[in-house]
> 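Input: one structure, supplied below.
Values below: every heavy atom of this structure, side chains too, minus hydrogens, waters and symmetry copies.
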Amino acid sequence: MTTPIELVVLDMAGTTVLDDGVVEQAFQRAAERTGVADRMPWAEALDHVRATMGQSKIDVFTYLSGGDADAAARATAAFEGAYAEIITEQGVSEIPGAADAIQGLKDAGLRVALTTGFAPITREALLDGLGWRGLVDLALSPIDAGRGRPAPDLVLTALLRTQTSSVSAVAVAGDTVSDVESGRRAGAGFVAGVLTGAHDRPALSAAGADAVLADVTALRGVLDQRELLPLVTTS
């Protein structure tokens with residue numbers, strides 16, 4: 001017998017929040033301002049950034065700096081500052097239909113948590129910019145959980161804080177291999193990849209996604225098709 005989903009854990013940038021290259025722009029500004037990636041060709045550094053989308057930014061910069069923790073910390077702070085600048089310059093937008101999709105999940109009786117590799121200050125700026133503070137039940141950054149993705153900590157912390165009954169009652173969705181791997185490692189009952197961000201269908205499937213969706217708006221329908229929604233819903 002399948003376990004009905006009680007909690008949906010959604011990634012932010014690239015899954016519910018439109019990225020449009022902002023993360024890469026912020027990484028480039030941070031690298032230029034701190035020299036953190038000077039030990040390698042920029043193309044190689046950018047390839048690493050793309051491959052590790054969804055992971056904790058401090059972990060990414062630790063790699064780029066060759067393990068220099070102080071340099072990584074400075075670069076991470078520069079990244080967060082640069083991201084805030086870009087949000088101010090360009091504004092922030094949801095993935096089309098994301099807010100309605102989140103509300104639809106809540107209307108189906110589910111709790112919704114957002115997770116991100118960003119620091120809390122950036123996460124909160126995104127929530128404010130989108131007006132989502134009253135929309136979701138919880139929003140978490142790596143510092144809130146222990147380790148960032150692909151570790152399972154963010155998913156498991158969301159489960160604990162929402163008092164979800166079991167890991168099998170959790171669904172996870174994200175646009176990166178790290179999102180999918182995090183959900184798998186946590187033992188989530190359903191893990192979906194979405195094609196609105198960093199990684200493509202073959203990568204998400206290879207990481208272990210139960211389904212790869214065009215975008216987050218398709219999630220409720222897939223859960224319904226697989227009879228994973230609660231038997232009693234509010235809509």
> Is a donor on one side and an acceptor on the other found under 3.5 Å between the side chain of D179 and the backbone of T176?
yes
> So, the side chain of Q25 versus the backbone of I86: is there a donor-acceptor pair under 3.5 Å, distance only?
no
> Applying salt bridge (Lys or Arg N to Asp or Glu O under 4.0 Å) to D153 and R147, what does each step give before you reach the verdict?
CA-CA 6 Å; D153 301 31; R147 296 169 297 177; 2.8 Å; yes
> If you apply the rule salt bridge (Lys or Arg N to Asp or Glu O under 4.0 Å), what do you find for R33 with E85, and how did you get there?
CA-CA 14 Å; R33 292 170 184 177; E85 289 172 5; 2.9 Å; yes
> For the pair D210 and R226, find out whether any cationic side-chain nitrogen is under 4.0 Å from an anionic carboxylate oxygen.
no
> Please confirm whether the backbone N or O of A84 pairs with a side-chain atom of T88, one donor and one acceptor, at under 3.5 Å?
yes
> Do the non-hydrogen side-chain atoms of R149 and D11 ever get within less than 4.5 Å of each other?
yes
> Quick one: does any side-chain atom of S182 pair with a main-chain N or O of S178 as donor and acceptor, under 3.5 Å?
no
> Might you work through the side chain to side chain donor-acceptor pair (under 3.5 Å) test for T16 and E94, ending with a clear yes or no?
CA-CA 6 Å; T16 54; E94 66 172 2; over 6 Å; no
> Can a salt bridge be assigned to the pair D144 and R123 using a cut-off of 4.0 Å between side-chain N and carboxylate O?
yes
> Got more than 12 heavy atoms from elsewhere within 6.0 Å of CD, Q163?
no
> Walk me through whether R29 and E89 qualify under salt bridge (Lys or Arg N to Asp or Glu O under 4.0 Å).
CA-CA 14 Å; R29 291 190 190 187; E89 294 164 6; 3.0 Å; yes
> What's the verdict on side chain to side chain donor-acceptor pair (under 3.5 Å) for D175 and T15, showing C-alpha distance, side-chain angles and the deciding distance?
CA-CA 6 Å; D175 67 296; T15 301; 2.9 Å; yes
> Any sub-3.5 Å donor-acceptor pair from D47's side-chain atoms to A51's backbone N or O?
no
> Using atom types as modelled and distance alone, determine if a side-chain donor or acceptor of T3 lies under 3.5 Å from a backbone N or O of A169.
no
> Taking C-beta and beyond as the side chain, do L140 and L114 meet within less than 4.5 Å on heavy atoms?
no
> Contact between V170 and V155 at the side-chain level, heavy atoms closer than 4.5 Å - yes or no?
yes
> Kindly say whether L7 contributes a backbone atom to a donor-acceptor pair with the side chain of R111 at under 3.5 angstrom?
no
> Of W42, Y83, F79, which is the lone residue that meets ring-ring contact (aromatic ring centres under 6.0 Å, His included) with F27?
F79
> Counting distance only, does the side-chain N/O of S65 pair as donor-acceptor with the main-chain N or O of T62 below 3.5 Å?
yes
> Over 60° means perpendicular and under 30° means parallel, so classify the ring planes of Y63 and H48, tilted if in between.
parallel
> Quick one: does any side-chain atom of R220 pair with a main-chain N or O of G104 as donor and acceptor, under 3.5 Å?
yes
> Are L219 and L213 close enough that some pair of their side-chain heavy atoms sits under 4.5 Å apart?
yes
> Could you check whether E124 pairs with R133 (Lys NZ or Arg NE/NH1/NH2 to Asp/Glu carboxylate O, under 4.0 Å)?
yes
> Check whether S141 reaches the backbone of T116 with its side chain - one donor and one acceptor, N or O, closer than 3.5 Å.
no
> Do Q90 and V22 touch side chain to side chain, with heavy atoms closer than 4.5 Å?
yes
